[in-house]
Number of protein chains: 2
Amino acid sequence: MKNLKDILEYAGIKPTIERLSILRYLDSKHDHPTAAMIFNEIETKIPTISKTTVYNSLKLFIDNGIVTPLYITGSEVRYDFATKPHHHFFCEKCGKIYDLIIDCPYMKKTKIQGHQIKQRHGYFRGICKNCLEKEEKAQS
Amino acid sequence: MKNLKDILEYAGIKPTIERLSILRYLDSKHDHPTAAMIFNEIETKIPTISKTTVYNSLKLFIDNGIVTPLYITGSEVRYDFATKPHHHFFCEKCGKIYDLIIDCPYMKKTKIQGHQIKQRHGYFRGICKNCLEKEEKAQS
DNA sequence: TTATAAATTTGTAATGAGTTCAAATATGAA
DNA sequence: TTCATATTTGAACTCATTACAAATTTATAA
């Protein structure tokens, strides 16, 4: 089941043009965009789209577990089209967020020390591989 | 070395009344407060303190590795007086952030898949033990 | 001490992500 | 068609955080 329309219907969300378009963007580029980035992209295809619709749709996706909000940068929310649980790496230099597939013993836990777990978030901050290589070149 | 003045001086930060007061608050109550909570608390002791000084001081602490900002709630930054690395649990109901001491194989890593790691963040979301117990009582 | 420079604090204004809300539009059933 | 319901829109608003320049404090040196 990778049909986006089906995914929405299965979640009880009516697949409007706007919603489908937003989900399609999240699915095509897995670059963890901000709401503003999504709005700008969709606007080129649906010029009448409003910022509020983007926020409304994203909220709907989140409430239904289709999309995961990432609170990593501290300045704005990034959105992740959730497939399988995974970790993230945030580059403080270029701002890019990478997916990290690593083995973590806590990704499946539903209870820790008496607290009921609904979501698990693991991420790292630093300088990404790409930016490190650029630095090296600049020095030589 | 648990003397707060020493900690600041060791980090190259001049221990002004304002800065000491903020750090003392973070040290006394480990409740991961927001900047607003800190400001309100300090204001009762230093009525002339300004919001900007709170933000300035926190930024200084963060830049020098004394305090860790937590981007967990999505609406505002929480501040943690960093001692040892640990995980967090955020209760979606009461908003409280708990420290979790759990064994994680990635808390000491300095490099993952070519990326240089500076910070590690692991946190969980859900309903805390306290709120769960309240729910149970309400049902019986 | 006094003068001068540097660091710190303050308060106001600005920024910008995200929300609110009522009006407009589209959809779907009878 | 008619009516009710769901969705979208756009403008106004909220609120955490930042920018910045003036005021104050602290440090330094003559």
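Numbered from 1 within each chain, the chains take letters A, B, ... in sequence-line order.
Sorted by first then second residue, the salt bridge (Lys or Arg N to Asp or Glu O under 4.0 Å) pairs that include residues 130-140 of chain B, not counting sequence neighbours, are B:Lys93-B:Glu135. For residues 98-118 of chain A, the pairs satisfying salt bridge (Lys or Arg N to Asp or Glu O under 4.0 Å) are A:Lys118-B:Glu92, with sequence neighbours left out.
For the side chain to side chain contact (heavy atoms under 4.5 Å, CB included) with A:Ile22, the qualifying choice from A:Asn56, A:Val54, A:Leu60 is A:Val54, the only one to do so.
Across the protein-nucleic acid pair, B:Lys59 atom NZ and D:dA16 atom C1' stand 16 Å apart, rounded to whole Å. For the pair A:Met37 CE and C:dA17 C1', the interatomic distance rounds to 15 Å; values are reported in whole Å. Put simply, CD1 on B:Ile42 is 11 Å from P on C:dT10, counting in whole angstrom units. Distance B:Phe39 CZ to C:dT9 P: 14 Å, rounded to the nearest Å. A straight line from CD of B:Glu43 to C1' of C:dT9 spans 15 Å, rounded to a whole angstrom. In this structure, the CG atom of A:Leu70 is 17 Å from the P atom of C:dA17, given to the nearest Å. Between the C1' atom of C:dT15 and the CD atom of A:Glu76 lies a distance of 14 Å, rounded to the nearest Å. If you measure from atom CG of B:Leu58 to atom C1' of D:dA16, you get 13 Å, rounded to the nearest angstrom.
Axis deviation across the helix from C:dT1-D:dA30 to C:dA30-D:dT1 amounts to 20°, comparing end segments of five pairs, rounded to 10 degrees.
Partners of B:His88 by ring-ring contact (aromatic ring centres under 6.0 Å, His included), not counting sequence neighbours, listed by chain and number: B:His32, B:His86. For B:Ile62, the side-chain contact (heavy atoms from CB on, under 4.5 Å) partners two or more places apart in sequence, or in a different chain, are B:Val67, B:Pro69, B:Tyr79. For A:Ala11, the side-chain contact (heavy atoms from CB on, under 4.5 Å) partners at least two apart in sequence or on another chain are A:Ile13, A:Asn64, A:Ile66. Shown here are the ring-ring contact (aromatic ring centres under 6.0 Å, His included) partners of A:His121, two or more places apart in sequence or in another chain: B:Tyr123.
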Nucleic acid footprint by protein, nucleotides 4-15 of chain D - heavy-atom cut-off 4.0 Å, B for base, S for sugar-phosphate alone: ---SSBBB----
What N/O pairs connect the protein and nucleotides 23-26 of chain C at under 3.5 Å? Give each pair on its own line.
none

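A:His115 and B:Cys128 make their closest contact through ND1-CA, 3.4 Å (heavy atoms, listed as atom of the first residue, atom of the second, distance).
Using a 4.0 Å cut-off, some side-chain N or O of A:Tyr55 falls inside it from OP1 or OP2 of C:dG18.
Crowding of B:Ile46 atom CD1: a count of heavy atoms from other residues, nucleotides or ligands under 6.0 Å exceeding 12.
Between A:Glu43 and A:Lys45 there is no salt bridge, since no side-chain N of the basic residue sits under 4.0 Å from a carboxylate O of the acidic one.
Summarising the hydrophobic clusters (Ile, Leu, Val, Met, Phe, Trp, Tyr; side-chain heavy atoms under 4.5 Å, direct or chained), the residues clustered with B:Ile117 are A:Phe89, A:Tyr98, A:Leu100, A:Ile102, A:Phe124, B:Tyr106, B:Ile112. Taking Ile, Leu, Val, Met, Phe, Trp and Tyr as members and joining any whose side-chain heavy atoms lie under 4.5 Å apart, directly or through other members, the hydrophobic cluster of B:Leu132 also contains B:Ile127.
At a non-hydrogen distance threshold of 4.0 Å, nothing from residues 20-33 of chain A comes into contact with DNA chain C.
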A:Lys59 and A:Tyr55: CA distance, side-chain angles, deciding distance, side chain to side chain contact (heavy atoms under 4.5 Å, CB included) verdict: CA-CA 6 Å; A:Lys59 187 176 189 319; A:Tyr55 278 108; over 6 Å; no
B:Ile42 and B:Glu18: CA distance, side-chain angles, deciding distance, side chain to side chain contact (heavy atoms under 4.5 Å, CB included) verdict: CA-CA 8 Å; B:Ile42 306 294; B:Glu18 292 84 1; over 6 Å; no
